[in-house]
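Single-structure report; data block below.
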Amino acid sequence: MSGKYEEMERKWQKRWSDAGLCLSDRSDAPKFMLIFAYPGVTGYLHVGHMRGYTYADAIGRYMRSLGMNVLFPVGTHATGNGAISLAKRIAERDPATVEYMLDNGCPPEKLEELGDPMAVVEFFNGVYRDDYWRRFGFLSDWRRFTCTLYPDYSKFMQWQFRKLMDAGLLIQKPYYAPACPSCGPVAVDPSETDISKGGNAETNEYTLLKFACGDLFLVAATLRPETVYGQVCFWVNPDVEYAKIRKGGEVWVVSEPAVGKLVQQMDGIERIGTVRGRDLIGKMCSAPMAGRDIPVFPAGFCDPDVGTGLVTSVPSDSPDDIVSLMALKADPGYAAGFGISEEMLESVVPISIIKMEGYGELPALDIVTSMGIKEPGDPKLEEAKKTLYRDGFHAGVMKDVCGEYAGMRVSDAKDAMRDAMIASGDAEIFRDLSEEVVCRCGKPVHIKRIDDQWFINYADEALTARADANASTMKISPPEYANNVHGVLSWFRERACARLGNWLGTRFPFDERWIIEAISDSTLYPLYYTVSHHANEGRITPDQMTEAFFDHVFLGRGDRGAVSEETGVPAALLGEMAEDARYWYPLDLNIGGKEHMTVHFPAFMFNHAAIVPDRMLPRGIMVNWYITGKSGKISKSKGGAQPIPGAAGKFGVDGMRLYYAHIASPFADVEWDEDAVMSYAQRLDRILAFVGELAGMSGPGKPIDGWLLSRMSTHNSAARAAMEGYDVRQLAMAAYFDAYSDLRWYVRRGGRDPGTIREAMRTWITMMMPITPHMAEEMWEAAGFDGLVSAALLPEPSGHSPAAEYGESLVRDVISDISKISRMIGSGSGKVSLFTYQSWKGDVVRKALSMMGPEGVPIPDLTKECMADPEMRKMGKAVPDYVRAVATDLRRLPASVVEAKVAADEYAILVEAAGFIGSELGCEVSVMPADDPAAREASGGKHVQAVPGRPAIVIS
RNA sequence: GCCGAAGUAGCCAAGCCUGGUCAAAGGCGAGAGACUCAAGAUCUCUUCCCGCAGGGGUUCACCGGUUCGAAUCCGGUCUUCGGCACCA
C-alpha cells in the first residue's frame, strides 16, 4: 500500500520545479503574497498541523490559476531553548527521546550528530521543508526559506528593534517572571516547551500581611486581602521549622521555601535563624487593619511550600479556616498541649464581614455544611473555596464592621484594602506559582523580579489606533475574529520582549546580554522573505545588512549610492531588493492556527503598524482551528500520533489535502479520522478513472451539452465567489462533489460530445488543482491537455443558461415524482403518461407576474382580470382557485423562479427526455399537451392537475 | 471571574449574517438493487414518523416573543468548548 502514490507525486513535483513554478520573481502581473505563521521547530509535527499549511498552498495555487504572480515563502521558528534541551536529551541518550526520534523516522546514525542545538534545528528544518512541505507538493519559493536563528534573519530582527526604539516603543520597567535559577526566565504554558513539569501553573498574587508578635513579624500570605476584618486567629504548623529573616529593620518569620522565593523578589533579605512552629503557638499577634490581637493556633494544613507557610484565619469566609477551627474546638486536649486554654479557644468566634446573596451570616460555614465537609484535609475544600470566592467576588458587599470599606463591593474592596495596607507598611506583594514548576534542566522554577526588563509598549495609544484602523480594512476570517480583533488589540498591553539566560535567538541590539524573545522576533518577518533569497544565495552577507541597508531596502530611506558605499552592496542590487520589497509587500494573507488569535496576530499587526508605511500594512488574516485526536489534541510533545510521511504514503498526499480542505469548516475543530481520509483518497481514484472514461468518449451533440456547460459555469462562479473569502471548503464542494455528480449525470443522460466534455474538463480539473495538485496533473494528462494544470488559468465562467438548468431540473423532478408514485402504489410499472399544463394556467402566471407589486399579487384584481378573458371564463371556478395558488407561490418564491416555469417549453423538454425517463424507470413514457382534447380523454380527467413545473402523471 | 464561540436528524457536518425554492446540502455508516467468479471496488435507489397517486405529521438544545411565515431575527434558560499574555 505504502508508496502507491509517492512515485507519481514526486514525478509531478519535479515537473513543477523544472517548469520554474517554485521560483517567484517580480513581474508585470498582479501579485499575491501569503504565508502561514511558521511553526517552532521543537520536534516532529503531526498530521493535524498540515491542515493550515494546506489551506495556504491551496489558496496560493488558486491565485495562480487566476493569473496572479504568487509568493508563498516558508520558514521556521527556532528561538528559545527547545533545541537546546532536545539536543541535550539526545546527547544523553534519554530513552524516551531516542524512541520518539526513531518512531518518527529519524535514522539511528543521525542521532550521533544531534547533540548540538543548531544541528537539531537544521535537522528539523530539513524535515519540515522536505518531509512535510515539499512532500505535500507546496509551490513555495524554496530559495527564500529562512529560520529565526540564521545570522541574516538576526540582522533583520535587530533592525526591527531599532525601528521600535526610534518609534519610542521600547521601554524598561520591573517585571516578575517565572525563572529557573540557572536557565533564567522560562515560559510556563501547557505546551511545556521550557519546562518539564507544571505547565498549568498560574502566577498568584499574594498579599503578605505582617503580624507583630513580640519583636518578630509573622508574615502570612493571602489571596483575599479583603477579608482582614474577619481575622480572629492565626495558623502555624507546629511541625515545621520556620526561618527568621531580616528585612529592612524588621525580623520576619516565614517558611524555609518561602525565603528562597522572597529573595528573588525583594532586596536586602538576610536569613538569620530559625524558629519552631510549636514555639509560636499560643502567643498573641496583632492583626493588620483589623486592629485586634489574635492568638496563634496550630494547623496541619499550613504547607511550607505554599505562600509563606503561615496563614491568617478568617473562619467566616474561608472553608479551610472554619473547618480547622471547629476541629480544634472539638479537641481541647490537643490545644491544651500547646498551652492554649479553653477560654482562649472559646473566645475565638467568627466575625461576619461579607454579605452574600444566598448565604447567611457565615458563608464559609454554610458551604462546608451544605457540601458535607467535616474535617480538615477534605479534598472537597478546594471546590468549596472556589465556589465561595466566585459567588462572593462580584455579588458580595462588605458589611458595617469593615470600617471605611463598609458597603463596598468585594471586587472593589479587595484592591482598595490591599493598597491601603501596602501604603501603611502592613503589607507587601508576593508572587508565587500555583503549583510546582520544574525547568527542563531539573531545577525548580519560581517567580523572579527583573528590574530592567525590556518591553514593547503595545499599550501606546497612537500605535493601537493605527493597528486598529488597519484591522478594519483587512480581510479577516472567520468574521467572529474580525469583530473580536479590535478588543484584542486594545487589551494588549506592554509585552516583555527580551530575556536573559541560556537561549537561542537574536541579541537585543541595545544590550547584548538580552536575547529577543520568541514572539517578538516573529512579527514582521514576512517582509524579510521579500529579500531573503539574496542572502541565502550569497549575494549579500549578514555583515552588510546594516541599519542603513534595511532602511533603504524596506523604507526607501537614504541615498542609494551612499548606502552602497557604506555596505559594499552594489547599487543595482540594492535597487533590485527595494523593488522586490515594494512589489511583494504588503502581505495579502497570513494563515495561522487559533492559538495565534490573542498572541501572534495582534503582535503581527502592531509591529507592522509601528514600522511600515500605510501602503505596506497587511491585508488579510485567516485563522484555522485544529485537527484533534480521539482524546483531545494530537500532541506534538507526546510523540506524533501519526508521522506525516507515513500518513502521506498510506493515503496519498492529495487524499489528505482533500480531507483537510473538505472535512469541515476551517473554523471548527475536527477529529482525525483515518476512515474519512481513506474515503477521500478513494474518491480521487474514482474521479481520475472517470476522467479517463470521459476522455475516450465520442458522440453527437445534444441539448444536455448546454446543460453541462451551464452547470460547470455555475460551479466555476460559485467557486470564485467562495474563494474571494478564501473559502477552500466551498471550492472543494463545487469541484469534487457538485461538478463530479453533474458530469456523471451528463454521461447517464447520454451526453458524449467530445468538445463539450473537453471544455467542461478544462474548468473542472483546474478547479481541483489547488487542492489535489498531483491528481489534477494526472487528470490533466489523461484528458489530453498540454502542459501543467498547475500553470493553467481557470477559464472564465461562460455558457450559463438558466433555461437549460431549469429544463433538466424539471426532468429530474418528474423522474422523482414518478418513482415515488410507483413506490407508493406498489407494483405497476407499465406505462407512464405525462400531461403538460393547460395553457390558460401559463396565462394566469404571466398576468400575475406583470401585476406583481411590492405587496405581492393583488388576488381580487388578478381574478377579475382573468375572468375578463372569455376563454378563461369557461374554466369556471378553477380559475380563482389557481389564482390563489399562484399568488401564494409568488410570495414564497423569487419571481425569476416562477417565470422560468412558464418560459420553458415543457412539452418539448419532456418529449426529448421521454426516452431517457423511460429507460431510467423501466417503463414506457408518453407525453401529451393538456390542451389536446385527446389528452383530456386519455388522462381520465387528471390532466387538470398539471401546473407549470409539474406535469400530471398517470401510471397505468 | 473576564472575553469569545458553539449546541442541526445514527455519527460528522453545511445552512443562520441577507426569514419563504428547508424534512433541512454533502460525507460516513446502514439497507435494497445492478455489475461481477467475487469483493472491503464501482454505479443506482432508500435512510425522522405515517400513507396502495406525487400527500400528511412532528423536527433543527429548551422556553417565550416578533412575523402571513423562523433552523434562520429578538429575549431568557440549560449545556459544552476555547483564550485570558513572555507557547509559535
Side-chain angles (χ1 to χ4, degrees), chain A residues 37-42 76-80 82 148 175 177-178 185-195 199 202 386 389-391 393-394 411 453 455 458 478-481 483-484 487-488 491-499 517-522 592-600 602-603 625-626 662-665 667-671 673 675-676 678-680 682-683 685-686 689-690 729-730 732-733 736-738 741 744 748 809 813-814 816-828 856 888-889 891-894 897-898 920 942 945 949-950 952-955:
Chain A
Y38 52 28
V41 283
T42 51
T76 61
H77 183 270
T79 306
T148 57
Y175 183 65
V186 295
V188 173
D189 69 274
S191 71
E192 302 193 339
T193 317
D194 299 347
I195 55 181
E202 291 174 31
K386 271 192 185 154
Y389 183 68
R390 189 187 58 223
D391 291 349
F393 186 71
H394 289 279
S411 51
Q453 173 67 50
F455 292 84
Y458 292 121
E480 294 79 36
Y481 183 55
N483 296 332
N484 203 237
V488 175
W491 161 81
F492 236 65
R493 49 180 197 259
E494 302 91 350
R495 186 181 184 93
C497 63
R499 62 205 314 172
E517 167 279 332
I519 288 170
S520 306
D521 77 352
S522 36
K594 65 178 178 181
E595 74 279 15
H596 291 108
M597 288 194 287
T598 49
V599 184
H600 166 67
W625 267 237
Y626 299 142
H662 183 262
I663 187 70
S665 153
F667 318 127
D669 286 336
V670 174
E671 212 171 76
D673 178 355
D675 291 343
M678 187 54 89
S679 120
Y680 281 110
Q682 287 170 352
R683 174 171 290 268
D685 287 339
R686 209 182 311 157
F690 182 49
R729 187 168 195 261
Q730 288 300 315
M733 185 72 90
Y736 300 89
F737 294 88
D738 299 342
S741 99
R744 291 220 72 93
R748 188 168 156 194
S809 74
D813 287 349
V814 168
S816 155
D817 278 352
I818 296 172
S819 72
K820 189 166 184 190
I821 295 168
S822 359
R823 240 178 301 124
M824 275 347 287
I825 61 175
S827 55
T888 308
D889 256 11
R891 197 158 69 181
R892 287 170 52 230
L893 303 175
V897 170
V898 175
E920 281 288 301
K942 284 208 161 139
Q945 290 179 354
R950 190 165 215 201
I953 296 167
V954 176
I955 298 180

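Throughout, protein chains are lettered first and strands after them, A, B, ... in sequence-line order, and every chain is numbered starting at 1. Given the structure is predicted, the values throughout are model-derived calculations rather than measurements.
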Quiz item: Looking only at heavy atoms, what is the nearest atom pair of A:I519 and A:A603, with distance?
Solution: CG2-CB, 4.3 Å

Quiz prompt | Pairwise P distance for B:C22 and B:G55, with rounding to whole Å | solution = 14 Å

Practice problem: Indicate the atoms forming the closest heavy-atom contact of A:T148 with A:T79, along with that distance. | Solution: OG1-OG1, 3.1 Å

Quiz item: Nearest-Å distance, CZ (A:F667) to C1' (B:G4)?
Solution: 15 Å

Quiz item: When the P atoms of B:C12 and B:G65 are considered, how many whole Å apart are they?
Solution: 32 Å

Exercise. Could you work out the separation of B:G27 and B:C37 based on their C1' atoms and round it to a whole Å?
Key: 32 Å

Self-check item: Nucleotide of B:A25, B:U21, B:A88 approaching A:V897 most closely (side-chain heavy atoms)
Solution: B:U21

Quiz item: Taking all non-hydrogen atoms of both residues, which atom of A:A496 and which atom of A:F455 are closest, and how far apart?
Solution: N-CD2, 3.3 Å

Self-check item: Side-chain donor-acceptor pair present, A:H662, A:Y680, cut-off under 3.5 Å
Solution: yes

Exercise. For the side chain of A:R493, starting at C-beta, report the closest nucleotide among B:G26, B:C45, B:A85.
Key: B:A85

Self-check item: Where A:T42 and A:G82 come nearest, the two heavy atoms and their spacing
Solution: CG2-CA, 4.2 Å

Using atom names, set out every protein N or O paired with an N or O of nucleotides 30-35 of chain B below 3.5 Å, distance rounded to 0.1 Å.
none

Quiz item: Can you list the steps and then say if A:R892 with A:V897 is a side-chain contact (heavy atoms from CB on, under 4.5 Å)?
Solution: CA-CA 10 Å; A:R892 287 170 52 230; A:V897 170; over 6 Å; no

Quiz item: For A:S665, which contact category applies under a 4.0 Å heavy-atom criterion: base, sugar-phosphate, or nothing?
Solution: sugar-phosphate

Exercise. Looking only at side-chain atoms of A:T598, point me to the closest of B:G83, B:U44, B:C28.
Key: B:G83

Quiz item: Given B:A25, B:G54, B:G4, which nucleotide is nearest the side-chain atoms of A:I953?
Solution: B:G54

Practice problem: Would you mind reading off the distance between A:H596 atom NE2 and B:G82 atom P, rounded to a whole angstrom? | Solution: 18 Å

Quiz item: Can you check the A:R495 CZ to B:A85 C1' distance for me, whole Å?
Solution: 5 Å

Quiz item: Of all the nucleotides listed (B:U44, B:U21, B:C3), which has the minimum atom distance to the side chain of A:N484?
Solution: B:C3

Quiz item: For atom P, what is the distance between B:C74 and B:C17, given to the nearest Å?
Solution: 9 Å

Practice problem: Any chance you could lay out the side-chain contact (heavy atoms from CB on, under 4.5 Å) test for A:R683 and A:S679, step after step, and finish with the verdict? | Solution: CA-CA 6 Å; A:R683 174 171 290 268; A:S679 120; over 6 Å; no

Quiz item: Any side-chain heavy atom of A:Y458 within less than 4.5 Å of one from A:C497?
Solution: no

Quiz item: Quantified in whole Å, what is the C1' atom distance between nucleotide B:A13 and nucleotide B:C68?
Solution: 33 Å

Exercise. Would you indicate what A:M733 reaches in the nucleic acid, counting non-hydrogen atoms under 4.0 angstrom: base, sugar-phosphate, or nothing?
Key: base

Quiz prompt | C1' spacing across the pair B:A14 / B:A71, given as an integer number of angstrom | solution = 12 Å

Quiz prompt | Centroid under 5.5 Å and tilt under 30°, A:W491 to B:A85 | solution = yes

Quiz item: Roughly how many Å is it from CD in A:E517 to C1' in B:A85, rounded to a whole number?
Solution: 10 Å

Exercise. Could you check whether the rings of A:Y38 and A:H77 sit parallel, tilted or perpendicular, using 30° and 60° as the cut-offs?
Key: tilted

Practice problem: Search all heavy atoms of A:S822 against all heavy atoms of A:I818 and return the closest pair with its distance. | Solution: OG-O, 2.6 Å

Quiz item: Over how many whole Å does the gap from A:D813 atom CG to B:A53 atom C1' extend?
Solution: 17 Å

Exercise. Looking only at side-chain atoms of A:I825, point me to the closest of B:G20, B:A53, B:A25.
Key: B:A53

Quiz item: Between B:G83, B:G54, B:U21, which nucleotide has the shortest distance from any of its atoms to the side chain of A:Q945?
Solution: B:G54

Practice problem: Identify which nucleotide among B:A13, B:G82, B:C28 has an atom closest to any side-chain atom of A:K594, counting heavy atoms from C-beta outward. | Solution: B:G82

Quiz item: Rounded to the nearest Å, what distance is computed from the CG atom of residue A:D669 to the P atom of nucleotide B:G82?
Solution: 9 Å

Exercise. Supply the atom-to-atom distance A:Y481 OH to A:K594 NZ, rounded to the nearest 0.5 angstrom.
Key: 14.0 Å

Quiz prompt | P atoms of B:C48 and B:A39, separation to the nearest Å | solution = 28 Å

Quiz item: How far does the C1' atom of B:G29 sit from the matching atom of B:G10, given to the nearest Å?
Solution: 8 Å

Quiz prompt | Base-pairing assignment for B:C81 (Watson-Crick or G-U wobble, both under 3.5 Å) | solution = B:G4

Exercise. Please evaluate the base of B:C68 for a donor-acceptor partner in the side chain of A:R891 within a cut-off of under 3.5 Å?
Key: yes

Practice problem: Decide side-chain contact (heavy atoms from CB on, under 4.5 Å) for A:M597 and A:N484; before the verdict, give the C-alpha distance in whole Å, the side-chain angles of both, and the deciding distance to 0.1 Å. | Solution: CA-CA 9 Å; A:M597 288 194 287; A:N484 203 237; over 6 Å; no

Quiz item: Separation of A:I818 atom CD1 from B:A53 atom C1', in whole Å?
Solution: 12 Å

Self-check item: Identified pairing partner of B:U36, criterion: Watson-Crick or G-U wobble below 3.5 Å
Solution: none

Exercise. Hunt down the Watson-Crick or G-U wobble partner of B:G29, both distances under 3.5 Å, from any strand shown, or write none.
Key: B:U47

Taking only N/O atoms, report every protein-nucleotides 55-57 of chain B pair under 3.5 Å with atom names and distance.
residue, atom, partner, partner atom, Å
B:G55, OP1, A:R950, NH1, 3.1
B:G55, OP1, A:R950, NH2, 2.7

Nucleotides 46-48 of chain B: which of its N/O atoms have a protein N/O under 3.5 Å away?
none

Quiz item: What's the spacing between A:Q453 CD and A:E517 CD if we round to 0.5 Å?
Solution: 9.0 Å

Self-check item: Atom-pair distance (CD on A:Q682; C1' on B:A39), nearest Å
Solution: 13 Å

Quiz item: Going by heavy atoms in the side chains, are A:D738 and A:M733 under 4.5 Å from each other?
Solution: yes

Quiz item: Does A:S520 or A:M824 map to a spot on RNA chain B nearer the 5' end, using the closest nucleotide for each?
Solution: A:M824

Quiz item: Closer to the 5' end of RNA chain B via nearest nucleotide, is it A:D521 or A:P894?
Solution: A:P894

Self-check item: Closest heavy-atom pair and its distance - A:I663, A:A676
Solution: CD1-CB, 4.2 Å

